[in-house]
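Just follow the structure's listing: the first ligand is 1, and inside any ligand the first atom is 1.
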Amino acid sequence: LRDLRIAKKIETNSPAEWKTIKYLFETMDNKFFEAVLIFEDTLTLCVSSQIGCPVKCAFCRTGQDKFERNLTSWEIVSQVKLVEKDIGREIECVSYMGMGEPLLNIENVMESMKMLSKQYKLSTIGINGKIAELAKINIPIDLYFSLHCAKEEKRKRLIPFSKNYQLANILEEINEFSKKKGGVILWYLMLDNENDEEEDAKELVNILKKLNNIKLVILKEYCETGTGFKKSKVENVKMFQKKLENTGISYRCSISAGQKINAGCGQLRQQFMLEAR
Ligand code: SF4
């Protein structure tokens, strides 16, 4: 475990809310990144797979910082081991949803899955060829597809790295994945005046028609991170809900657990770096 140390942690203890602990790790080469422990029914650690993120989502604090490097498989495993040691309990589920796009570091991510023996969740914006690769690994994985915008041109603006791929090809690959590994969960981050108009909702329904095994759509409340984006108004979320009701696909609205400790994507690292100056 000498490849990492816990540099800082922040926790919430409010019993009415989700209890979470956010960890800031420092690597041997003095780089910083985060993981979040979530005390749900299943004890889940949301780990990082990269330091910074080359995907550069316009709404994400991590995306605004410089991309430094991929984490090694040992650095991913060490996040779990150090947190287990810190809390004196075993993590049940490892969620690859922290800093970074896990499928851009797929070798180390798959290696870490083989080293740990846990339940796994992984979220991706969709990287061509890599979803198929993930489907081949002989380990159950719950895949979360971060669509966030169903209109392709607008999506490319919100998620700049997605301009390297055709959405139609990603959807095909997700269908192939779900044939082998079961239903996929689709995430849609609700952003005020960006992706929450009636036309966006209609396009989302069209995309859902092309996907043959979506087990749940999550309309995610945006955690405002100082990037200038705002969360959608309640009436727009309701309008989306109404459109989804007619599809017969399960959906729910969700708020970010990290939001409760002012710790949306990249926020703790940012705060730490400012304090360190
Ligand atoms: S939202 Fe995820 S994929 Fe997008 S820049 Fe942030 S860490 Fe990367």
Presence of N, O or S from Cys53 under 2.8 Å of atom 8 (Fe) of ligand 1:
yes
Under 2.8 Å: N/O/S of Cys60 next to atom 6 (Fe) of ligand 1:
yes
Phe59 side chain near Tyr222 side chain, heavy-atom distance below 4.5 Å
yes
Residue selection (non-hydrogen contact nearest atom 2 (Fe) of ligand 1) among Pro102, Gly100, Gly63, Ser146
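Ranked by closest heavy atom to atom 2 (Fe) of ligand 1, first place is Gly100.
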Answer side chain, backbone, both or neither: which part of Lys56 comes under 4.0 Å from ligand 1, heavy atoms only.
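Under 4.0 Å from ligand 1, Lys56 contributes backbone atoms alone.
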Does Ser95 use its side chain to pair, donor to acceptor, with the backbone of Cys46 at less than 3.5 Å?
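Not a single qualifying donor-acceptor pair exists.
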N/O donor-acceptor pair under 3.5 Å between Glu92 side chain and Leu45 backbone:
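No, Glu92 side chain to Leu45 backbone: no donor-acceptor pair under 3.5 Å.
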So Tyr96 and Tyr120, would you call those rings parallel, tilted or perpendicular, with 30° and 60° as cut-offs?
tilted
